[in-house]
2 protein chains.
Amino acid sequence: MGKKVTIRDIAKMAGVSVTTVSQVLNGKGKRFSKSTRERIIKLRDQYQYVPDFHARSLIMKENINTIGVLVPNVSEPFFGTFVEGVQQVARQEKLIPLIFSANRDPKLEKQYLEQMVERSIDGLIIASARMTTEMINQALINRDIPYILFDRNYDQEGARVQTDDYHGGQLAAKHLVELGHQRCLYLGVTNITENFKQRLAGFTSVLQAHGRHFDEASDVLRADLSRRGGYQAAQAVVDSGATAVFAANDDMAIGLLRGLRELKIRVPEDISVVGYDDIALDEYVYPQLTTIHQPIFDLGIGATKILLDRIHNQHRDETVEKFPVRLIRRESTGPCHMV
Amino acid sequence: MGKKVTIRDIAKMAGVSVTTVSQVLNGKGKRFSKSTRERIIKLRDQYQYVPDFHARSLIMKENINTIGVLVPNVSEPFFGTFVEGVQQVARQEKLIPLIFSANRDPKLEKQYLEQMVERSIDGLIIASARMTTEMINQALINRDIPYILFDRNYDQEGARVQTDDYHGGQLAAKHLVELGHQRCLYLGVTNITENFKQRLAGFTSVLQAHGRHFDEASDVLRADLSRRGGYQAAQAVVDSGATAVFAANDDMAIGLLRGLRELKIRVPEDISVVGYDDIALDEYVYPQLTTIHQPIFDLGIGATKILLDRIHNQHRDETVEKFPVRLIRRESTGPCHMV
DNA sequence: GTGAAAGCGCTAACAC
DNA sequence: GTGTTAGCGCTTTCAC
């Protein structure tokens, strides 16, 4: 316990200068005698000397091998899986991922962002629907830190990984139309971020193309983007008389499933439910959830790889990497049984 | 974009010395004239000057207001909720929580730990069943960093938050005995960590006290500590002929629920299932899971508060704070229907 | 082969 | 009221 051993301590004990120790320990000590080198190495091991991180980064300015990851909430399965993808690449590349979970609080997000910048991270992955590019740049204080955006507005600039939400919405609608449903509902938030808007737009377009009536005023149910939100919306869903619901994400859908069950509504016999994301949980709820699959884990991997590329190659272009979505049919959807 | 503005730049522009700037910006500038102070503040805002973190911590050595949180896996609901508890306190206390998710990989855990130490965090919360106190101390390189243990072996030293796992096991057994079950199974890992051992011991003790036959060789089913593990164990559970199962945690129980459903076994009519933890999901699965409640969120809060106390007051005692567990009866358990 | 010296950006005694 | 100076622990030129 106690005083930290510094490079000077080692130098003194080895009877050499700090320069020598520094050089040797950084693999630049070819010019020193073998005996000196060995003496220093031995001392380092013996005293468990580790160079001070701050002193080091004060000089070196880069190559810290740290990336920051800002997500709304790690405890949501969606972001949890995303973070796992990031971590997988991080492990391979010997990167340290600093995870920040900002609880969708813009002020906190900004604060965390500033913290990361101060701590001289090499790059950033930002999954926040709330922050505008402007806010991000401001927090980055014009420092030249590469970052990748994820799960956010389309209308912003910046490199990012993205899935085709519009197509996802289309897939959901097509599936329900094929099952014969006449009246379909969208359950979710309508205007918060572009990705949700896109899902809804894709959904609407297919519905209308098949002659279904759908307008936002009557066929969109707003609810909190959470299991609880979906749960609480169950009664409204039933009251609407619709036979199918497309939920903005799986969490809502799972909540809705519970709500419907408690109201003695059978899924899919009475009402079909489609979710969005394909979180790991979907197979464990009852009935198993039909959903639009997003490759969440791969998105984490992809985002990290792109980031690394930008860190090392100083790309200034705004790559947009698209990942495919697809329908996963499980048990929560079925043919329309309305007479 | 580009050069970072330093304290010297500000000083030059304000026509004062760096000391003046430093003092003013750190709220220690009472002795300076108002005009000087205002000039400096204005310049800082204008150029968005932020003191360099590393330069700062090189001198200050503490009061960085950062704590490290090491968990096996943020994407597991249990740890996700725990981390949320930590974050709540962190927000209130203006602490920055650095979250590390080490995927139960001891080497990674050690590496992350070292990283945290280097980055001069003020304290640590370690949730790892794998690391021994010795390993932790080694990674901490004898630096005097306060840390709190969570969800791990009892037989280690160190301050920690803890729940009474033995009692939890007892509660589960008592519940099943009261429902008339004769043959009960324990599904889980048997000997990895003390908390699981305790659950099993408590469970066993009550069963035997009530004259039930229970021995580890035949009545303990081993499976992976995950939803998948529970799922895969379903057939074995059925084959055993038992009418009730106590799963080591909720994730396993939820997996088991799915497995039993697919095997057309009714829960709770044919088999009762009790989980452990009371993760938020329990109310959303079908049937809703009867479980032993651990105050996960509160444990996060508690751990953080104790840590803060230790950071500020330099306690050297090894506080062990106990949190209560209780049975939450839901739908997955019922009277034994065996003839 | 080795080391002295400069300096990264900042804070804090201690002068003036 | 304000500035000088001395580091924090480290890396890196450059001289010997």
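Per chain, numbering begins at 1; letters A, B, ... match sequence-line order.
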Checklist outcome for this item: Atom NZ of K30(A) and atom P of dG1(C) are separated, to the nearest Å, by 15 Å
Item to check | CG on D298(B) to NZ on K305(B), rounded to 0.5 Å | outcome: 9.0 Å
Checklist entry - Would S17(B) and T20(B) satisfy side chain to side chain donor-acceptor pair (under 3.5 Å), going step by step from the backbone distance to the final call? => result CA-CA 5 Å; S17(B) 76; T20(B) 312; 3.1 Å; yes
Checklist entry - Separation of F53(A) atom CZ from dC8(C) atom C1', in whole Å? => result 15 Å
Checklist entry - salt bridge (Lys or Arg N to Asp or Glu O under 4.0 Å): which pairs involve residues 75-102 of chain B, sequence neighbours left out? => result E76(B)-R104(B)
Checklist entry - Are the side chains of F32(B) and V16(B) in touch, meaning some heavy atoms are under 4.5 Å apart? => result no
Item to check | Heavy-atom side-chain contact between N103(B) and N73(B) under 4.5 Å | outcome: yes
Is there any protein nitrogen or oxygen under 3.5 Å from a nitrogen or oxygen in nucleotides 7-9 of chain D, and what are the pairs?
from	atom 1	to	atom 2	distance (Å)
dC8(D)	OP2	R8(A)	NH2	3.2
dG9(D)	N2	A55(A)	O	3.4

Next on the checklist: For Y112(B), give me all partners under ring-ring contact (aromatic ring centres under 6.0 Å, His included), at least two apart in sequence or on another chain.
Outcome noted: F100(B)
Checklist entry - Atom CD1 of I10(B) and atom P of dG3(D): how far apart are they, to the nearest Å? => result 15 Å
Item to check | Nearest-angstrom distance from the residue atom CG of N26(A) to P of dT13(D) | outcome: 13 Å
Next on the checklist: So, using ring-ring contact (aromatic ring centres under 6.0 Å, His included) as the criterion, who are the partners of F79(A) when residues are at least two apart?
Outcome noted: none
Next on the checklist: Tell me every residue that passes side chain to side chain donor-acceptor pair (under 3.5 Å) with Q23(B), counting only those two or more places apart in sequence or in another chain.
Outcome noted: none
Item to check | Close approaches to DNA chain D from residues 14-23 of chain A, in residue order (heavy atom, under 4.0 Å) | outcome: T19(A), S22(A), Q23(A)
